[in-house]
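What's counted below: heavy atoms across the whole structure, side chains too, no hydrogens, waters or symmetry copies. On a predicted model such as this, the values are computed, not experimentally measured, just so you know. Chain letters run A, B, ... following the sequence lines, proteins first, then strands; residues in each count from 1.
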Amino acid sequence: MGRVEDILAVLDNMYPAAHCELNHTNSLELLIAVMLSAQSTDASVNRLTTGLFTKYRTLQDYLDVPLDVLEQDLRAIGLYKNKAANIKKTCQMLKTLYGGEVPASQDALESLPGVGRKTANVVLSVWFDVPRIAVDTHVERVSKRLKLATWKDAPRQVEDKLMRKIPKNKWSKTHHQMIFFGRYHCTARRPKCEECPLQGPCRYPNIHPRSR
DNA sequence: ATCCCGAGGG
DNA sequence: CCCTCTGGAT
């Protein structure tokens with residue numbers, strides 16, 4: 001069995017039910033939750049959206065509210081001023097350009113302020129079931145440690161290499177498994193290397209010989 | 001390359 | 001205290 005196949009098998013075994021952990025009940029809520037997740041934990045986002053999605057139920061609710069009020073409603077999360085402005089502008093564009101719906105196209109999504117490639121990929125994959133691999137901080141770190149990419153690769157290059165190495169029908173599942181692995185096991189700061197079933201393919205011990 | 005930017009963990 | 005969190009725009 002090849003190296004990549006081994007890694008996928010281990011991830012399947014560790015996280016058979018990996019999934020999107022951002023709470024949402026429709027495409028607008030998912031889009032906003034992903035926008036809010038920039039440089040924030042999903043736990044923080046969910047804590048915030050519990051109340052937010054109760055207060056803001058429709059697209060129009062975001063359009064009607066004054067910017068400074070929305071800012072205060074997002075205050076508990078990082079980058080809240082940027083996020084408030086982007087959400088308001090994005091909702092305006094959804095209304096005027098996309099019939100009040102979240103578009104299912106990569107270009108349309110990325111044209112929205114505050115929505116880049118990573119956010120677009122998550123929405124496409126999670127909501128529209130389009131095969132994509134969103135490269136966030138976890139996926140990037142895990143990919144580099146497991147030698148699925150090199151240390152110098154930018155997120156876009158990591159994405160290309162993953163798409164080449166992973167069967168397309170597994171992109172979405174593997175994406176979430178890498179998130180879980182990065183979030184709960186192969187953490188940025190003190191990865192649990194001693195109890196890791198992926199020590200074989202990992203380069204981390206060679207780069208940080210005695211760290212833990 | 002830098003800025004935005006709060007909360008939680010170690 | 002310092003680091004990290006499903007980034008994006010300039």
Main-chain N/O of A:Ile87 paired with A:Thr90 side-chain donor or acceptor, under 3.5 Å: no

Residues that A:Val69 engages under side chain to side chain contact (heavy atoms under 4.5 Å, CB included), provided they are two or more places apart: A:Lys55, A:Tyr56, A:Val65, A:Pro66, A:Asp73

DNA chain B contacts among residues 11-31 of chain A, heavy-atom distance under 4.0 Å: none

Touch class at under 4.0 angstrom, heavy-atom based, for A:Ala134 against every strand present: nothing

Sub-6.0 Å ring centroid separation between A:Phe180 and A:His19: yes

Partners passing side chain to side chain contact (heavy atoms under 4.5 Å, CB included) against A:Ser27 (at least two apart in sequence or in another chain): A:Val102, A:Trp127

Sugar-phosphate, base or nothing in reach of A:Thr187, heavy atoms under 4.0 Å: nothing

Interatomic distance where CZ belongs to A:Arg117 and C1' belongs to C:dA9 [whole Å]: 17 Å

Partner set under side chain to side chain contact (heavy atoms under 4.5 Å, CB included) for A:Tyr98, not counting sequence neighbours: A:Leu94, A:Pro103, A:Ala108, A:Ser111, A:Leu112

Pairs touching residues 167-176 of chain A that satisfy side chain to side chain donor-acceptor pair (under 3.5 Å), sequence neighbours left out: A:Ser125-A:Ser172

Co-members of the apolar cluster containing A:Leu63 [side chain, <4.5 Å]: none

Per-nucleotide protein contact string for nucleotides 4-10 of chain B (B base, S sugar-phosphate only, - none; heavy atom under 4.0 Å): BBBSSBS

Side-chain N,O (A:Arg183) to OP1/OP2 (C:dC5) below 4.0 Å: no

Presence of A:His175 side-chain N/O under 4.0 Å of C:dT6 phosphate oxygens OP1/OP2: no

Phosphate OP1/OP2 of C:dC5 contacted by A:Thr137 side-chain N/O (<4.0 Å): yes

Nearest-nucleotide 5' precedence on DNA chain C, A:Ala43 against A:Pro113: A:Ala43

Atom P, compared across C:dG8 and B:dA7: separation rounded to whole Å: 22 Å

Partners passing side chain to side chain contact (heavy atoms under 4.5 Å, CB included) against A:Asn86 (at least two apart in sequence or in another chain): A:Met35, A:Asn82, A:Pro113

Listed partners of A:Arg57 passing salt bridge (Lys or Arg N to Asp or Glu O under 4.0 Å), at least two apart: none

